[in-house]
Amino acid sequence: MACQSVSIIDMDEQALLGLNPNADACYRQRAIAYFEQLKESHDAWEVCAEALAKSVYSDDHVKFFCFQVLEHQIKYRHGSLNAAQQQLIRETLMKWLQCQLMNTQAEKPFIRNKAAQVFALTFVMEYLTHWPKFFFDILSLVGLNPHGVDIYLRTLMAIDAEVVDRDIVHTAEEVRRNTLIKDNMREHVIPSLVESWYQILGAYQQSHPEITCQCLEVVGAYVSWIDLNLIANDRFVNLLLSQMCVEDLREEACDCLFEIVNKGMDPTDKTKLIESLCQVLQSAGFFNVENCLLFSRLVNGMGQSLVLSWTKLAKSGDVKVAAETLRALEAKVPLLIKLLVHEDDDISANIVGFCYDYLHVLKQLPLLTDQQKANVEAIMLAVMKKLTYDDEYNFDNEGEDEAMFVEYRKQLKMLLDRLAQVSPELLLEAVRRVFSSTMQTWQTASFMEVEVAIRLLYMLGEALPASHGAHFSGDTAKTSTLQDMMRTLVSCGVSSYQHTSVVLEFFETVVRYDKFFLVEPQHIPNVLMAFLDHRGLRHSSPKVRSRVAYLFSRFVKTLHKHMNAFIEDILTRIQDLLELVPPENGVPALLTSDDQLFVFETAGVLVVNGEGPAERKQALMRSLLMPLTDAFRLLLAKLATEREEERQAVLADCLSHAVGFASRTSKAFSNKQTVKHCGCTEVYRDCLQTFLPALSCPVQRGALRSAVRSFLHRMIICLEEEVLPFIPAASEHMLKDCEPKDLQEFIPLISQITANQVLVSFSLGCSLDALSVLYLQSQVSPFLQQVFMPLVLAIFEVLGRPAEDNDQAAALEKQMLRRSYFTFIQTIASSGMNEVMASQGVENIERVLFTIIQGAVDFPDPIAQKTCFIILSKLVELWGAKDGMVGFPDFIYKHIVPACFLAPLKPTFDLTDAQTVLTLSECALTLKMIHHKRGHEFIQYLQTEYLPSLQVSPEITQELCQVLQQPDVKVLKNYIKAFFQQAKL
């Protein structure tokens, strides 16, 4: 229905009431409808133009509304407006602007911003065609009226956003238009605009600092693409310098100079510009002001620009000018160091970029001068000083300030890494000096000094990298110094320091340099005690205990060969940390369940890698896991009788932790130290028998199933064929009353069994030949035959459940389940166990096959479709020959061949999508496999029956059949793609 025309005389006052944020919902709805009506009408918007031009309304929300309507017309319908309507927009804007000059009070900022956007949009649409005097009209109208100048400056910033801002994505046509606008402005209006800025800056410096700041922002925005000589001259720069003396203007003036310095230009000219600015600023004393925060960013910009100029000049081979630029750069280094070491971290952070780039320059020089070496040392000392925590850092409740310091520390670490590249010997010696002097007096030193000394040692590990952490072999000077510092660290007693930051840094450093203990293993007992006592796992701080649990795990993994003498002692000392803490205990645990995972893994590593006989390992592993299984049985019995849901959840959580802990111990096993080799098969079989009854628990099934399923995944890897007897019963429970997500997570378990047994075959030194297949058939095939149809039927049942049409979450769940199902079938078909499907009976086989055809053709999911075609190709290879499965050739011709043509012809089959093209490739390979298995019979079928039924011409049919018979598969893939592209035109 066409929109009704609205009278130009007045607006819908009732609808306008809905613009107020506090209006009732019915009024707001009416206002929205009215807005849509005004937007879509050919001339109704003119009532808004009239209201703005005549200042009819005083309500700010109505004014904003009118500008929104006007904005929509200009942005989306400008081309369809006639000349009179376009003229009306221009007149409206100028009349509104004229009204602003006469108002005693300026409009609200949000009104002025919206007006500026509308001015800018009009400019973009009409400057090159209907309104070339846009700027002159505005300037001649506003003069130096503060309200008018404010709108003028806001409009310039809005134009910058529309035309120049590179963060906004533009179409190719918009880019071309914007380039023309900038070229035209440079030629015709920029000098006048610059002159207007100069006049504004001079006129309002004292009376209207906010307008002066706006103008400085405009200059900074425009300087990147206008002639710099218009700004970088004595007249303008002196004006900017005078504004840097005014506190309210200093920040914007600095930012403006920063943009001038950052402008892309010839490197020689850039150097001259920066040097002249620097001289003026220094002579005026600006680099000596107390508030360094403002000009630190400017100095950083100058320094980085000089580095860029030097880099370009050095690459071009201009040695003389490059040397001059380097001298100019070096002259700024004292100021750089002064700012870098400033007590205000924000000031220091502002200069990091320049410092990093300067060090990069030094890295490229063949030889450093004495002054440059002194600069490097000064920067090094500054970085070391600034890495230190201050007294106000809140370690117990880290907030925004603390997070900012952590980020700042990361920037300083980058500088330290760069310093190591410039002069590794100097850095190593500086750290050694600081570390040694601090460790000699750590008992009386502040925590900040001790922490940063250890931190510096820690940071050397990345600053002076070594392959696989081998810091204690190779370069003698480096290894000797690091070894001395590590020896001091672990023997001086600093691990007893009371502050958490020092203790954490101690353990972090010990683990970073864990290979030190391979060189000097005599220190291992002392460090082990630090991990195990009040300094580590039993520290008063939960944060320390948590981190140490992880670090201890890493320490033991690296040094397990040196732990044999301590295994029983360590296990005894951590025994209480391995207890499953039941919810009714009421005593807060030292470690969280996540932390306990690391401790269980550590215990597993100690047991598995011990040097004793298998009997010893079995006994230790049983003593580790038996308390878990005993507690599990008790808690499971409680859960079965518990009626309160919240209590059920707590018990289920505890049971899940028990399973997770047992699972984590199995991570200690390896190809060399297998479960069987360590004599632990029976221990984990007992765990399985304990955990599996949880699957039949009537409550909290989701959590328990997930935990047991994860354990089964681990046992498939660790126990191999020993786990198979447990799977059918587990499967039966897990397939009862399951949701899509349950099935999605269960399918990979079955696929893993299949894939794992294939890997076992290969590990026996076999390819997938008769011996491997025989092994698979004897071990896995009977189990898969048993579980195959129950799993498939469960999937069919879930996929067949009705769902709401707009339930996207349910649709996605089903899509993912469908993919998992097809991947499962692919795993079966590709692993040499086709008899698993073949043994399911004709009716079941047909049912499965039809789902694969349906997946290939009917569901617009290229990932699933690709899998389906891979399955079909494999089944043709297995069953498609003349001695293959009875009735399968018929299925090929009736269903597989049509699927290969119908799927790509579907409208949803997007041949421009990369994933879909991969699906098409698999489709082509399926056709190729059919030809390989059925030969000329297939070609004849295509020529005489199938392709004619699709109305394919005899010439194209002949062409396709010839390509199918060629040995080069790539030719077929390319042809098939072109064939379907043509067919879909």
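Below, all heavy atoms of this structure are taken into account, side chains as well, without hydrogens, waters or symmetry copies. Along the sequence shown, residues are numbered consecutively beginning with 1.
- Gln966 has its side chain out of reach of Leu972: every pair of non-hydrogen atoms, C-beta onward, lies at least 4.5 Å apart.
- Taking both residues in full, the closest heavy atoms of Leu628 and Ala658 are given as CD1-O, 3.8 Å, listed atom of the first, atom of the second, then distance.
- How far OG1 of Thr908 is from CG of Asp858: 9.5 Å, rounded to the nearest 0.5 Å.
- Note that CG of Asn609 is 10.5 Å distant from NZ of Lys672, once rounded to the nearest 0.5 Å.
- Closest heavy-atom contact between Val897 and Tyr946: CG1-CD2, 4.1 Å.
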CA sep, side-chain torsions, deciding dist, call: Val556, Phe598, side chain to side chain contact (heavy atoms under 4.5 Å, CB included): CA-CA 11 Å; Val556 169; Phe598 291 114; over 6 Å; no
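- A distance of 13.5 Å separates OG1 in Thr674 from CD1 in Ile717, rounded to the nearest 0.5 Å.
- Under the 4.5 Å side-chain criterion, counting only non-hydrogen atoms from C-beta, Ile716 is in contact with Leu749.
- Under the rule for a side chain to side chain contact (heavy atoms under 4.5 Å, CB included), the partners of Ala694 that lie at least two apart in sequence or sit in another chain are Phe632, Leu636, Leu704, Val708.
- Using a 4.5 Å heavy-atom threshold, the side chains of Ile863 and Leu918 count as separate.
- Residue-environment remark: NE2 (His677) stays at or below the threshold of 12 foreign heavy atoms within 6.0 Å.
- Taking both residues in full, the closest heavy atoms of Leu692 and Ala730 are given as CD2-CB, 3.9 Å, listed atom of the first, atom of the second, then distance.
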Residue pair His895, Phe850: steps toward the ring pair (Phe, Tyr, Trp, His ring centres under 6.0 Å) verdict: CA-CA 8 Å; His895 302 289; Phe850 280 123; 4.8 Å; yes
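- The closest side-chain donor-acceptor pair between Ser666 and Arg714 falls under 3.5 angstrom.
- Residues forming a side chain to side chain contact (heavy atoms under 4.5 Å, CB included) with His170 (at least two apart in sequence, or on another chain): Ile168, Glu174, Val175, Asn178.
- Counting non-hydrogen atoms of neighbouring residues, nucleotides and ligands closer than 6.0 angstrom, the NZ atom of Lys894 reaches no more than 12 such neighbours.
- Judged by a 6.0 Å distance limit and a 45° cone about the ring axis, Arg847 is not positioned over the six-membered ring of Phe796.
- Between Phe979 and Phe901, the two ring planes are perpendicular [angle over 60°; tilted spans 30° to 60°].
- The CG atom of Asp968 sits 8.5 Å away from the NZ atom of Lys928 when rounded to the nearest 0.5 Å.
- No more than 12 heavy atoms of other residues, nucleotides or ligands sit less than 6.0 Å from atom NE2 of His932.
- Once rounded to the nearest 0.5 Å, the distance linking CD of Gln826 with OG of Ser873 reads 10.5 Å.
- Without hydrogens or angle criteria, Gln981 side chain to Leu911 main chain gives no donor-acceptor distance under 3.5 Å.
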Stepwise side chain to side chain contact (heavy atoms under 4.5 Å, CB included) check, Met789 with Val792: CA-CA 5 Å; Met789 276 319 292; Val792 168; 4.2 Å; yes
Side chain to side chain contact (heavy atoms under 4.5 Å, CB included) between Asp686 and Thr629, worked out: CA-CA 8 Å; Asp686 290 348; Thr629 53; over 6 Å; no
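- Under the 4.5 Å side-chain criterion, counting only non-hydrogen atoms from C-beta, Phe869 is not in contact with Ser921.
- The side-chain heavy atoms of Arg819 and Thr867, taken from C-beta on, include no pair separated by under 4.5 Å.
- The ring of Tyr684 has its center no closer than 6.0 angstrom to the ring center of Phe691.
- Considering every non-hydrogen atom in both Ala838 and Ile845, the closest pair reads O-CD1, 3.5 Å.
- In this structure, Cys961 and Gln943 approach most closely via the heavy-atom pair SG-CG, 3.5 Å.
- Distance alone, capped at 3.5 Å, places no donor-acceptor pair between the Lys557 side chain and the Glu601 backbone.
- The ring of Phe822 has its center no closer than 6.0 angstrom to the ring center of Phe859.
- In this structure, the side chains of Arg685 and Phe726 come closer than 4.5 Å at one or more pairs of heavy atoms.
- Between Arg818 and Asp861 there is no salt bridge, since no side-chain N of the basic residue sits under 4.0 Å from a carboxylate O of the acidic one.
- Taking the six-membered ring where tryptophan is involved, the planes of Tyr941 and Tyr893 are tilted, since the angle between them lies from 30° to 60°.
- Once rounded to the nearest 0.5 Å, the distance linking NZ of Lys973 with CG of Leu925 reads 4.5 Å.
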Ile727 vs Val787, side chain to side chain contact (heavy atoms under 4.5 Å, CB included): CA-CA, chis, key distance, verdict: CA-CA 9 Å; Ile727 303 294; Val787 81; 5.6 Å; no
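- With a 4.5 Å cut-off on side-chain heavy atoms, Met837 and Ile825 count as touching.
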Pair Asp653-Ser656, side chain to side chain donor-acceptor pair (under 3.5 Å): steps then yes or no: CA-CA 5 Å; Asp653 197 41; Ser656 299; 5.4 Å; no
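- Residues that satisfy the salt bridge (charged side-chain N to carboxylate O under 4.0 Å, His left out) test with Glu937, not counting sequence neighbours, are Arg934.
- When all heavy atoms of Ser593 and Phe661 are compared, the closest pair comes out as O-CE2, 3.4 Å.
- Between the side chain of Ser830 and the main chain of Thr827, no donor-acceptor pair closer than 3.5 Å is present.
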